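The next block holds one structure in the form of structure tokens; read it before the comments.
Because the structure is predicted, anything quoted here is derived from the model rather than measured.
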Amino acid sequence: FLVLMPVGFAFAKISSKKTYLKPRQSPSTQKLSSCAKNKTFFTVSPVDPSFIKTIAPLGNSNPPGHVLPTGHMYFYLEPQTADMNSTMEIPVVSPGDVVVDSIVSSENVSAGVTDFSFYFSPCKEVRVKWGHISTLSSKLSAALGPIGNSSPNCMTYNTGGSTYRACSKDVAVKIKAGERMGTIIKQ
């Protein structure tokens, strides 16, 4: 019996729907200039293209986690290494000059595993979320700081037989195109 566990991260333009993780225009996003006629926001691949195995399209369904079509895409990564059993850190870089305005930690309390997501914008009218990031760059980690049980922007919930704790923090971190944002760890 073979279980395939994809390693990847989510990429989505955020809608105006309300959720507990605040997909809204943040104070730092509101201060950005308008996109105006600029339609070229991203000029750098977020990961080395040789690692991209496939991209799950917008509207993908993938039961049991995504029974209904998703509002995001996934990049499924496959490191090019002879030893597929080794652990590998894959750098994730900024696709353009952006401002990260919110960072979310998501801890699977039951399994003791934490990953991160963050929202960023190149201009006022475009907001993007990346999720399933294993580690944050030192710049984003410093902006996030420690998030403990007493953080006002945390919530604990149960789903799929596991307990999770999600915490969010508003930040305003400028990141240049090609600058490291974090890593994805393939195990």
Side-chain angles (χ1 to χ4, degrees), residues 6-62 66 68-80 88-106 115-144 166 168-186:
V7 176
F9 62 97
F11 173 82
K13 182 176 177 189
I14 302 305
S15 71
S16 60
K17 290 190 245 175
K18 278 190 141 185
T19 70
Y20 70 92
L21 295 179
K22 304 185 238 172
R24 44 88 181 115
Q25 196 175 53
S26 73
S28 59
T29 303
Q30 292 171 358
K31 293 177 185 175
L32 293 173
S33 61
S34 173
C35 301
K37 294 183 181 187
N38 181 12
K39 302 296 181 216
T40 305
F41 309 116
F42 304 126
T43 57
V44 177
S45 177
V47 295
D48 181 335
S50 70
F51 292 147
I52 300 173
K53 180 178 180 181
T54 186
I55 298 174
L58 189 64
N60 171 51
S61 58
N62 187 9
H66 292 300
L68 300 174
T70 64
H72 55 268
M73 302 164 47
Y74 281 96
F75 287 69
Y76 290 99
L77 307 177
E78 183 174 82
Q80 305 303 314
M88 183 173 196
E89 286 191 19
I90 301 170
V92 177
V93 301
S94 179
D97 293 346
V98 300
V99 173
V100 175
D101 62 59
S102 182
I103 302 173
V104 179
S105 67
S106 180
D115 72 6
F116 301 92
S117 59
F118 42 81
Y119 297 84
F120 61 90
S121 300
C123 56
K124 190 181 291 188
E125 294 85 7
V126 175
R127 192 162 190 235
V128 175
K129 175 187 177 186
W130 278 357
H132 303 299
I133 304 296
S134 303
T135 65
L136 296 175
S137 68
S138 57
K139 191 177 200 177
L140 291 179
S141 185
L144 178 62
S168 66
K169 182 176 181 182
D170 289 340
V171 297
V173 181
K174 291 182 182 181
I175 306 284
K176 291 288 194 186
E179 185 177 343
R180 186 179 285 224
M181 297 178 95
T183 61
I184 298 168
I185 297 177
K186 184 265 179 202

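Minimum interatomic distance between A177 and V44 (heavy atoms only, all atoms of both residues): CB-CG2, 4.0 Å. A pairwise comparison of heavy atoms in Y119 and V104 identifies CE1-CG2, 4.1 Å as the closest pair. When all heavy atoms of C123 and S33 are compared, the pair lying nearest together is CB-O, 3.4 Å. For the pair A36 and K39, the tightest heavy-atom approach, listed with the atom from each and the gap, is O-NZ, 3.6 Å. Here the closest non-hydrogen pair linking K124 and S34 is CB-CA, 4.3 Å. Pairing each heavy atom of P91 with each of V47, the nearest pair is O-CG1, 3.7 Å.
Within the 3.5 Å criterion, the main-chain N or O of A143 finds a donor-acceptor partner in the side chain of K169. At least one donor-acceptor pair under 3.5 Å links the side chain of S121 to the backbone N or O of V126. Judged purely by atom type and a 3.5 angstrom limit, K139 uses its side chain to pair as donor or acceptor with the backbone of K174.
Atoms CG and CZ, on L32 and R127 in that order, are 10.5 Å from each other to the nearest 0.5 Å. Rounded to the nearest 0.5 angstrom, S137 OG and I175 CD1 are separated by 5.5 Å. From C35, atom SG reaches atom CD of E125 across 4.0 Å, with rounding to the nearest 0.5 Å.
Between the side chains of S134 and T183, no donor-acceptor pair is found at a separation under 3.5 Å.
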Item to complete: Give the intermediate values and the outcome of side chain to side chain contact (heavy atoms under 4.5 Å, CB included) for residues S106 and D115.
Response: CA-CA 5 Å; S106 180; D115 72 6; 3.7 Å; yes
Item to complete: Using the side chain to side chain contact (heavy atoms under 4.5 Å, CB included) rule, take V99 and K31 through it: C-alpha gap first, then chi angles, then the decisive distance, then the call.
Response: CA-CA 10 Å; V99 173; K31 293 177 185 175; over 6 Å; no
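Counting heavy atoms from C-beta outward, I133 and M181 have side chains that stay 4.5 Å or more apart.
For the side chain to side chain contact (heavy atoms under 4.5 Å, CB included) with L140, the lone residue among F116, F120, F118 that qualifies is F118.
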